[in-house]
Amino acid sequence: MTEVVATNQTILVVGGGISGMTAALEAAETGAQVVLVEKRPYLGGRVSQLYKYFPKLCHPTCGLEINQRRAKMNPNLTIITGAEVSKVEGEAGNYTATVKITPTYVNDNCTACGECAKAVEAEFDDEYNYGLSKRKGAYLPHVMAHPMKYVLDPGIIGTDDAQKAKDACKYDAIDLDDTEKEIQFPAGAIIWATGWKPYDAAKIQPYGYDRYENVITNVEFERMADPKGPTGGKIVRPSDGKEAKNVAFIQCAGSRDRNHLYHCSRICCMASLKQTHYVVDAYEDAQVSIYYIDIRAIDRFEDFYAEVQAMENVKFIKSKVASITRGENDNPCLNGVDTEGYHRYANEHDLVVLATGMEPSVSIDSFPVDVEINREGFIEPAEKNGGVFAAGCASDALDVNRAVQSATGAALKAIQVVNRVARAEG
Amino acid sequence: MSELNKAMIEQYRNSFLSEVEANVEEGEWVKMCMQCGVCSGSCPLGKHWAHPPQEIFMMIRAGKRDEVLTSDSMWMCTSCYNCIVRCPRELPITHIMHGLATYARKLGLVPQNQPTAKFAEIFWNNMMKKGRVNELKLGLSLYFKDGFGPGIKEALRNKDLGMKMMKAKRMAASEFFGGHGVKDVSGLQKMIKKAQELEDARMKKFD
Ligand SMILES: Cc1cc2nc3c(=O)[nH]c(=O)nc-3n(C[C@H](O)[C@H](O)[C@H](O)COP(=O)(O)OP(=O)(O)OC[C@H]3O[C@@H](n4cnc5c(N)ncnc54)[C@H](O)[C@@H]3O)c2cc1C
Ligand code: SF4
Ligand code: SF4
């Protein structure tokens with residue numbers, strides 16, 4: 001895996017989320033040589049943690065599966081997981097990338113039989129479920145992980161668990177001497193698809209995400225609604241495990257706010273409308289309240305919005321919630337003034353979901369490559385970027401449809417650069 | 001944009017918003033409000049206001065000149081700055097409230113017996129006499145603002161506090177006779193007068 005065959009006609013794709021996968025496949029399927037570098041031990045990025053997709057309410061696993069099959073079948077594509085690009089030097093048509101590979105302590109012999117996980121004892125927060133559940137120190141990152149390989153948590157290395165895992169493996173797939181490696185290879189063009197991360201909800205101090213158990217974020221809610229998730233798909237209150245039927249969504253939690261993120265994250269209105277379906281589908285007597293400044297359901301999403309608006313048990317309250325206090329029974333109590341009549345309210349709910357926005361996953365001051373970055377931290381198209389092209393949420397807050405469009409565009413631009421190199425070299 | 005177009009936009013613009021932009025301190029920010037309501041919900045005195053800040057800004061844009069300028073809402077602002085800290089658009093809400101209050105006073109539109117307005121008046125006059133606030137006289141004029149009888153009552157009610165302030169040298173009985181001041185009182189008064197003239201000259205006439 002650490003031997004990478006690459007030339008300055010190779011396209012390097014950084015980030016293996018839906019955008020990076022799409023860009024890599026589109027380019028590889030035209031015949032270009034592509035190396036895809038992904039930080040996590042598996043491909044798919046954040047969409048692998050969503051329960052359903054708006055607007056069709058279909059499952060992201062379906063699209064991921066197709067992409068994973070395309071990836072397996074394509075000889076032009078090399079995938080390196082558990083790896084991060086730490087440095088990029090050079091110019092369009094002639095880059096050198098330095099990639100740091102973190103040890104997973106499991107080699108390609110792994111059949112995903114799961115014996116190692118049975119053998120170990122220590123537990124860790126499961127990052128796939130945003131810490132809502134625990135996983136073992138030997139684990140499959142998620143059921144559809146690609147590559148389908150177990151991973152050892154570095155936390156068990158040097159403990160008894162490590163040896164137990166190794167002893168339990170019948171295929172000699174566990175290598176406890178695995179170490180961090182650094183490799184270098186050339187590339188002609190680079191597609192930057194490092195995606196997004198959820199804005200840290202604890203920074204919105206008056207909402208008390210870090211003080212109230214029954215205040216959660218929208219990414220956590222996706223995991224909660226998923227039958228394969230930490231609650232088995234049951235929508236419940238983290239404080240007491242009771243059914244959460246009276247659910248509130250707070251829009252623009254951290255977005256469109258000069259104290260937090262300047263930009264509109266663009267997807268969270270639709271995400272809350274989608275998650276309203278989760279609640280209404282779960283309980284016949286559900287009550288959903290959506291607190292908003294204005295609902296941004298762009299172009300064809302308008303129909304989706306209208307459908308939710310028509311639901312009898314869904315209320316839209318035009319108001320940015322000022323604060324959350326502790327009500328009776330650990331109910332979060334939402335305080336504010338509404339814009340349609342200027343009524344002061346103090347409403348209690350079973351569960352509150354903060355529609356937190358997206359921020360770029362790579363922070364402005366740690367970009368390993370010199371590109372034009374805007375105030376919000378997204379990559380702008382610019383002359384100075386040379387042969388580096390942003391795809392998906394590295395370029396802006398986008399939904400999957402638009403992320404994929406941007407990825408295809410980036411692939412096309414990268415192909416043009418490596419084709420120029422090919423022509424020059426004859 | 002053509003000159004005629006510009007002239008038409010100018011002429012048919014909601015004139016109260018333009019008036020506020022021209023004459024009220026920080027008034028040019030009013031158009032930036034996106035009506036989210038966080039300011040109103042964060043105001044500790046909010047429930048005592050006839051119109052919370054968010055509503056005031058909408059009323060300005062809707063041209064409700066009389067309702068805004070004669071309301072006592074902006075006089076309820078205690079300058080706690082909660083709203084400024086929270087506003088997603090960084091409107092200087094506290095300053096706009098004080099700007100509106102000042103403007104309403106200039107136009108003689110303050111509601112009768114508005115206690116905050118009255119206090120501000122007493123404070124200003126007190127300060128203008130010597131260039132420094134005379135705590136003793138300020139306290140007394142405040143107690144007696146509603147007449148002699150209520151004044152005595154109020155003074156008695158607060159006498160313990162007064163005694164403590166004297167003990168802590170925060171107030172001196174001698175201040176009753178003249179009191180301390182800045183070196184050049186008449187210079188200060190001239191300066192303030194000039195500033196007021198400049199401000200009046202700047203103000204456009206809309207009515
Ligand atoms: C609550 C919520 C619900 C949503 N629901 C929907 C929906 O229903 N429908 C829809 O269309 N959209 C939805 N979205 C939006 C959707 O999640 C994004 O459009 C999508 O994840 C964008 O994919 P991406 O590949 O650009 O980024 P990501 O999914 O973030 O992928 C980026 C990848 O890059 C990797 N990476 C990061 N840094 C490095 C590095 N330095 N080196 C190597 N790899 C790196 C990451 O590990 C990750 O795998 C939702 C968003 C939220 C917040
Ligand atoms: S998409 Fe909606 S919730 Fe998200 S930032 Fe924009 S307006 Fe706010
Ligand atoms: S917080 Fe700011 S943007 Fe929101 S209503 Fe108040 S003034 Fe307007």
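Here is how names work: the chains are called A, B, and so on, in the same order as the sequence lines, proteins then strands, and each is numbered from 1. Side chains are part of it too, since the values below use all heavy atoms of this structure and drop only hydrogens, waters and symmetry mates.
- Within the 4.5 angstrom heavy-atom criterion, atoms from both the backbone and the side chain of Arg256(A) approach chain B.
- Using a cutoff of 4.0 Å between basic side-chain nitrogens and carboxylate oxygens, Arg326(A) and Asp330(A) are scored as salt-bridged.
- The aromatic rings of Tyr291(A) and Tyr345(A) sit tilted, their planes meeting at an angle between 30° and 60°.
- Interface remark: Cys39(B) contributes no atoms to any contact with chain A (heavy atom separation under 4.5 Å).
- Using a 4.0 Å cut-off between charged nitrogen and carboxylate oxygen, Glu222(A) and Lys274(A) count as a salt-bridge pair.
- Between Arg300(A) and Asp399(A), none of the side-chain N atoms (NZ, or NE/NH1/NH2) sits under 4.0 Å from a carboxylate O, so this pair counts as no salt bridge.
- Most heavy-atom pairs under 4.5 Å with chain A: of the set Gly37(B), Gly46(B), Cys43(B), this distinction falls to Gly46(B).
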